[in-house]
Amino acid sequence: MIASVLPTYNRAPLSFVKGEGSWLIEADGRRFLDLGAGIAVNALGHAHPALVAALTEQAGNLWHTSNLYHIPQQEALADKLVAHTFADTVFFTNSGTESCELAVKMVRKYWHDKGHPGRVDLIAFEGSFHGRSSAGIAAAGSEKMTNGFGPLLPGFTHLPWGDLEAVEAAITDHTAGVMIEPVQGEGGIRPATDQFLKELRALCDAKGIMLILDEVQCGMGRTGKLFAHEWAGITPDVMLVAKGIGGGFPLGCVLATEEAASGMTAGTHGSTYGGNPLACAVGNAVMDHVADEAFLSEVNRKAGFFRQKLEALVALHPDVLESVRGQGLMLGLKCKAPNADLVQAGYVSLVATVPAADNVVRLLPPLTITDDEIAEAIERLDQAASAVARQHMSEPA
Ligand SMILES: *Cc1c(COP(=O)(O)O)cnc(C)c1O
């Protein structure tokens with residue numbers, strides 16, 4: 001008999017009932033160190049006092065009004081995002097996949113209104129992830145996500161990761177833009193090089209097409225800058241944001257330049273919940289913390305500490321681990337043993353991690369993780385890697 005919850009996930013046999021900072025407490029009382037943060041969502045950890053206060057205060061005042069009216073919390077958050085980024089304007093969604101939908105609509109509408117209705121094609125990359133809607137799965141293009149779901153939204157081309165010549169060759173009179181994650185998350189923590197992003201920006205400029213960045217996972221301070229593209233010194237025309245911006249409350253957005261957004265006039269797009277008062281009350285509190293320079297420099301300092309310890313861990317477990325990759329607190333352990341075994345052994349050692357493609361284990365802790373917790377994480381990962389080594393080695397150590 002089918003489970004009452006549609007069984008589209010292979011869930012670990014764990015049920016968490018409470019969260020405190022970097023810690024998740026299981027129904028049986030065990031305390032897990034959370035290096036997944038809800039897949040890069042709980043940017044400020046669990047039950048952060050500022051977020052709890054923002055949410056409960058708003059909950060006592062007003063939950064929802066619809067976008068038929070002005071929403072002051074939404075305007076405040078949009079102002080902050082505009083002040084801190086390339087963007088001139090922001091549309092709020094409830095998730096990354098909805099942000100992807102709007103980004104695709106926005107660039108197509110832009111070219112339509114400019115008198116180039118044939119410019120509808122988008123170039124994307126192998127190994128990418130842009131969500132689970134029809135546009136999202138077409139954009140990512142992987143067989144695993146698209147198989148069986150009927151005709152795909154047309155207009156997407158998929159090119160090898162980091163291949164600028166392939167991009168140049170693929171651009172035609174029908175190309176509307178290029179969509180890319182500056183650091184691939186689901187694809188296995190694969191950062192695009194600064195050089196590649198710079199060249200891609202220059203190429204889009206030369207060809208007069210749009211650059212759309214998906215920073216749903218790598219944005220909101222995750223890499224040690226507010227947004228990952230800042231490392232490369234470039235700006236996009238359109239950007240997808242979600243995950244971290246709500247700190248655990250469902251919230252996403254699309255940021256755009258005035259030019260890129262020029263087709264999106266009244267009536268062209270909407271959302272019942274997008275940017276509602278509750279979500280934006282939390283989003284404002286997240287933004288106030290994460291956009292702070294001192295907070296970001298702490299993320300970078302801790303990331304350096306974590307990375308150094310992870311490099312040492314790889315050296316200690318050459319049969320299980322291959323290398324460390326990523327940027328800031330968006331880190332990946334490329335494994336030699338199956339990554340699922342390390343995730344599993346992590347559960348036994350009370351540390352939660354997230355698998356990704358390319359046999360990588362993702363480490364996406366709350367950005368508020370402390371040095372002591374990083375040291376503790378390393379001990380638990382060390383234990384887990386030793387368990388995997390014992391499991392896989394025919395010879396006893
Ligand atoms: C998670 C993710 C999405 C989809 O976000 P949802 O909120 O799950 O819809 C899109 N793009 C990237 C890069 C992601 O990591």
Side-chain angles (χ1 to χ4, degrees), residues 6 8-9 11 36-43 91-107 122-142 144-146 149 153 156 158 161 177-192 197 211-223 227-229 236 238-255 271 273-276 279 282-283 286 325-332 353-358 360-365 367:
L6 189 72
T8 60
Y9 279 94
R11 294 168 196 266
I39 317 189
V41 166
N42 304 94
F91 182 92
F92 291 97
T93 67
N94 309 285
S95 67
T97 201
E98 287 168 77
S99 296
C100 176
E101 289 291 323
L102 171 55
V104 171
K105 286 175 70 176
M106 185 183 281
V107 295
L122 286 155
I123 292 169
F125 293 89
E126 289 164 7
S128 62
F129 183 76
H130 301 296
R132 298 291 197 151
S133 62
S134 291
I137 62 175
S142 90
K144 191 178 130 197
M145 285 188 285
T146 57
F149 292 110
L153 186 69
F156 292 90
H158 304 96
W161 182 239
V178 178
M179 179 146 85
I180 183 171
E181 297 160 80
V183 184
Q184 282 190 344
E186 306 300 312
I189 311 291
R190 296 200 295 173
L197 289 175
L211 179 62
I212 304 142
L213 297 182
D214 182 343
E215 294 228 15
V216 168
Q217 195 162 146
C218 63
M220 291 307 290
R222 181 54 53 189
T223 68
F227 290 103
H229 65 264
V238 178
M239 182 167 73
L240 292 60
V241 176
K243 293 201 166 100
I245 192 170
F249 199 95
L251 177 63
C253 57
V254 174
L255 276 60
S271 169
Y273 290 121
N276 94 350
V282 179
V286 172
R325 51 165 88 160
Q327 180 136 42
L329 289 174
M330 185 172 186
L331 293 164
T353 60
V354 186
D358 205 22
V360 163
V361 170
R362 271 180 284 182
L363 310 173
L364 310 161
L367 304 180

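One-based numbering, in listed order, for ligands and for the atoms of each.
Between F125 and V178, the closest side-chain pair of non-hydrogen atoms falls below 4.5 Å. The shortest distance between side-chain heavy atoms of E186 and I39 falls below 4.5 Å. For the pair M330 and Q217, the minimum side-chain heavy-atom distance is below 4.5 Å.
Residue S95 approaches ligand 1 through these ligand atoms, each under 4.0 Å from one of its heavy atoms: 7 (O), 9 (O). Those atoms of ligand 1 with a heavy atom of T97 less than 4.0 angstrom away are 4 (C), 5 (O), 6 (P), 9 (O). Taking every non-hydrogen atom of E181 and a distance limit under 4.0 Å, the qualifying atoms of ligand 1 come out as 13 (C).
Counting only heavy atoms of the protein, atom 11 (N) of ligand 1 lies nearest to D214 OD2, 2.7 Å. In this structure, atom 5 (O) of ligand 1 lies nearest to the protein heavy atom G96 CA, 3.2 Å. In terms of protein heavy-atom proximity, atom 14 (C) of ligand 1 is nearest to K243 NZ, 2.9 Å. With hydrogens left out, the protein atom closest to atom 10 (C) of ligand 1 is H130 C, 3.4 Å, a heavy atom.
Summarising the geometry, atom CH2 belonging to W161 is positioned 8.0 Å from atom OG belonging to S128; distances are rounded to the nearest 0.5 Å. Summarising the geometry, atom OH belonging to Y273 is positioned 14.5 Å from atom CG belonging to L251; distances are rounded to the nearest 0.5 Å.
Looking at ligand 1, you won't find any N or O of V216 less than 3.5 Å from one of its N or O atoms. Where the criterion is an N or O separation shorter than 3.5 Å, residue side chain and backbone included, E98 fails it with respect to ligand 1.
Considering every non-hydrogen atom in both P236 and H229, the closest pair reads CD-NE2, 3.8 Å.
By the criterion of a heavy-atom distance under 4.0 Å, neither the backbone nor the side chain of A242 is placed next to ligand 1.
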Residue pair R222, E215: steps toward the side chain to side chain contact (heavy atoms under 4.5 Å, CB included) verdict: CA-CA 10 Å; R222 181 54 53 189; E215 294 228 15; over 6 Å; no
